4 protein chains.
Amino acid sequence: MKTQQTAEGVARPAGRPRSEKADRSIIEATLELLGEGIGVSELSIESIAGRAGVGKTTIYRRWSNKEDLVVDALATLKPPIPLPQGGTVRDDLVTYLRVIQEESRHHRTRCIMNIAMSDSERHPRLAERFRELAVEPRRAVVAAVLRRGMETGELRADLDVDMALALLSGAMIWSTKWSHSGDHQADLPERIVDEALKGFRPRPSTPEP
Amino acid sequence: MKTQQTAEGVARPAGRPRSEKADRSIIEATLELLGEGIGVSELSIESIAGRAGVGKTTIYRRWSNKEDLVVDALATLKPPIPLPQGGTVRDDLVTYLRVIQEESRHHRTRCIMNIAMSDSERHPRLAERFRELAVEPRRAVVAAVLRRGMETGELRADLDVDMALALLSGAMIWSTKWSHSGDHQADLPERIVDEALKGFRPRPSTPEP
Amino acid sequence: MKTQQTAEGVARPAGRPRSEKADRSIIEATLELLGEGIGVSELSIESIAGRAGVGKTTIYRRWSNKEDLVVDALATLKPPIPLPQGGTVRDDLVTYLRVIQEESRHHRTRCIMNIAMSDSERHPRLAERFRELAVEPRRAVVAAVLRRGMETGELRADLDVDMALALLSGAMIWSTKWSHSGDHQADLPERIVDEALKGFRPRPSTPEP
Amino acid sequence: MKTQQTAEGVARPAGRPRSEKADRSIIEATLELLGEGIGVSELSIESIAGRAGVGKTTIYRRWSNKEDLVVDALATLKPPIPLPQGGTVRDDLVTYLRVIQEESRHHRTRCIMNIAMSDSERHPRLAERFRELAVEPRRAVVAAVLRRGMETGELRADLDVDMALALLSGAMIWSTKWSHSGDHQADLPERIVDEALKGFRPRPSTPEP
DNA sequence: CTATAAACGAGACGGTACGTCCAGTCTTGCT
DNA sequence: AGCAAGACTGGACGTACCGTCTCGTTTATAG
């Protein structure tokens, strides 16, 4: 007989149950090291075990490889700043971009960005997990904002929501990564949103509303 | 006496000159391995030396670390498709994005993208080098296209060139990386350019020119 | 109250009594593994527990260390061939040595010899136990044979019994271990006994009785 | 081309030659640890490497297993006291046994005895090496003494030399290991030799020569 | 008929050592 | 002086057991 029956009627495996404390300290150590700038490839199980005050076995018992561990560690990071919304579409978009910008400036969140941006071909599970955790929720929020704008007439009725999102987010990331000056540009979100809203083409001589 | 005098009168160091063959085979081996999906972190000097048929010392003599070697290896890869230009601004932009898209679909070029996208905090020299090699030349070319459009009136006269470039390139990369469907979307460049050209806001009832 | 009263009037501790079945299967598993050529140092508690179908705790509850367990396991092995006696002293001594020789040729008994011969400084309890179990009983038997010979005049009246025993047993073990040819020498016991009986010195020209 | 030619015309393998210093410090560390009472089974490569200030690889490069290393370590220990000889046969034999006795009382030499006595089935190479190093040389020396005695008439002309050696050496080791009192018996060598010389049988009433 | 109490199997715990692999350095004799 | 070869120290890998520690279950007597 390999399982036991608890009072609640929930079967559970024989033997000493796995320690939640160990779980937590392993995840925490992983995030700490990641946050200190250690990359996924440089991250060593041994250092995690040491930092967590845990035997290597305890890690290997739970995760068969480093990626799975990192994935689970990321999963514990909730989207830290859910988008506040309610203003004009422009304001909401600017706020959204500012959140991205801030995330890439603060410690732990930047490390996550780095992981996410890291070679997704070698760490496919990781990339997939990151999409679920970080990309999709935001996409949903911004898509809602954009659709609201389309209904109110603030935005074109035939706007391609996915494309708009790609333009905004992509421009933000690209600028942060590749703009001439590596230094912080406080008004970047506004500039991106305004440029995207206007489009590239000249408007016929019609005053903006 | 540490230098010798060649017939051409050019001073050069004493002793056996460095073998150009070794140089080439090291670079070639590096690119091969990178092209096989090995990442910068996983790339081992030992494997390069083995592949190149060269002693490890010979590599360390030339480059003090792996990054510098990868940088130089990348430098030998010329921008493979210089942007053909001359059509309408829209066509040129679509062509530009298509080049990016193609690069991320073919072997060797995709590996470079991956390197470029890789954690630029841990490999700062690499990122910098990539900017010089791949980003800046393209930025220059597209900037020229955009400025031409501004002169001809095809684009707004007050267009923010850097921002436009960020919007286009960023959207392309973002879509490739994070769009729902991982599969190829042939019309992505057109859709991005058109959406960016139009802007998000509705136009007053004015027929497009 | 911590003890219980059995019908036989023997006090015994409260709670579930220790399982004799577990006792037996642990000892049996230990002897099996030892008999398979596993040495004391290589013998792992985990493998014993596995073989015995028992938790490690059940072993550690009974024996605080591996040595104590091996000692108890050895204790269950009775001296397998008590010396048959009754012939001439020479015959009895030859028979005794033949028993030693046979023991070092058969499976389970050889493994015990090996254990006994193993580094007795690191396993002192084990060596002590082995003396009690295996050495002393035999010494007693052979001492009786020798004393009988001294009484009947077959042996010198001033023979040093301990020394004689050391000479005979020591020579047997030494020969088995270090003789030129590792192969079996069927007449070894006879040769040892005869040589020991005669002594090294030449006899004056007196015919043997 | 895998070898190089030295001035002396001796071919030698390409690459950096193995460090003799490392060789020596590994052997020395091994003997130190063994001398501290660590047994062959308990001896860990890691501790040897640490003590020797050497990487584990450097050990594994030279010896594929622990036994081979211990064998080579033992090989560096010369027979510490070559038998002095020249007195009567009895005196020489007593001296020989005293050397054995002393060796089992002093530090480094006792550890060698222990190794030699250790389970020779699990460490067969080790036992074989010990025979070559320690057993055979002594056998030769004592055999010479015995043969001298046979020529001078001090010993029986038909003495079985191997058997005599087994009786003497075996009795010494047996007594040291299994005699009642573990304590030192200073006159053990004399007692053994005298008992062996006399033989067990009573002599006819003939005065000793 | 319960309560108490210890032993039971299972297996997770923090560790140590294993033998392998590679990093980056050093040391040969040859070119 | 550069070169290929290969040994050097060092450190992480993933595995096997160590001896200890929970778990829920089982098996006894004591009340």
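The model shown is predicted, which means the values in this text are computed figures rather than measured ones. A, B, ... follow the sequence lines: proteins, then strands. Residue 1 opens every chain.
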Could you list the residues that satisfy salt bridge (charged side-chain N to carboxylate O under 4.0 Å, His left out) with A:Asp68, not counting sequence neighbours? A:Arg125
Those residues that, when tested against D:Arg51, pass salt bridge (charged side-chain N to carboxylate O under 4.0 Å, His left out) (two or more places apart):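 D:Arg51: salt bridge (charged side-chain N to carboxylate O under 4.0 Å, His left out) contacts with D:Glu32, D:Glu36.
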Atom-pair distance ([atom1] on [X]; [atom2] on [N]), nearest Å:
{"X": "B:Trp63", "N": "F:dG2", "atom1": "CH2", "atom2": "P", "answer": "14 Å"}
{"X": "C:Arg61", "N": "E:dG9", "atom1": "CZ", "atom2": "P", "answer": "8 Å"}
{"X": "C:Glu42", "N": "F:dC18", "atom1": "CD", "atom2": "P", "answer": "11 Å"}
{"X": "B:Ile45", "N": "E:dT25", "atom1": "CD1", "atom2": "P", "answer": "10 Å"}
{"X": "D:Leu69", "N": "E:dC18", "atom1": "CG", "atom2": "P", "answer": "11 Å"}

Spatial distance of atom [atom1] ([X]) from atom [atom2] ([Y]) [nearest 0.5 Å]:
{"X": "C:Ile27", "Y": "C:Leu74", "atom1": "CD1", "atom2": "CG", "result": "9.0 Å"}
{"X": "A:Glu42", "Y": "A:Ser47", "atom1": "CD", "atom2": "OG", "result": "11.0 Å"}
{"X": "D:Glu28", "Y": "D:Leu33", "atom1": "CD", "atom2": "CG", "result": "10.0 Å"}

Close approaches to DNA chain F from residues 16-26 of chain A, in residue order (heavy atom, under 4.0 Å):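 Heavy-atom cutoff 4.0 Å gives A:Arg16, A:Pro17.
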Interface with DNA chain F, restricted to residues 46-60 of chain C and to heavy atoms under 4.0 Å: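 Result for residues 46-60 of chain C: C:Glu46, C:Lys56, C:Thr57, C:Tyr60, sorted by number.
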Salt bridge (Lys or Arg N to Asp or Glu O under 4.0 Å) contacts in which one or both residues fall within residues 57-66 of chain A, not counting sequence neighbours: A:Asp23-A:Arg62
Minimum-distance pair of heavy atoms, taken over all atoms of D:Ala49 and D:Gly55: CB-C, 4.3 Å
Stepwise side-chain contact (heavy atoms from CB on, under 4.5 Å) check, C:Thr30 with C:Leu34: CA-CA 6 Å; C:Thr30 305; C:Leu34 247 20; 4.0 Å; yes
Is there side-chain contact between C:Ile26 and C:Trp63, with heavy atoms separated by less than 4.5 Å? yes
Taking side chain as C-beta onward, heavy atoms only, is C:Leu69 less than 4.5 Å from C:Ile48?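 They are in side-chain contact.
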Judged by nearest nucleotide, the residue sitting upstream toward the 5' end of DNA chain F, D:Arg62 or A:Asn65, is D:Arg62
Tell me whether B:Thr58 contacts the main-chain N or O of B:Val54 through its side chain, where contact means a donor paired with an acceptor under 3.5 Å. no
Taking pairs as Watson-Crick (N1-N3 plus N6-O4 or O6-N4) or G-U wobble (N1-O2 and O6-N3), each distance under 3.5 Å, the stems of three or more consecutive pairs with DNA chain F are E:1-31 with F:1-31
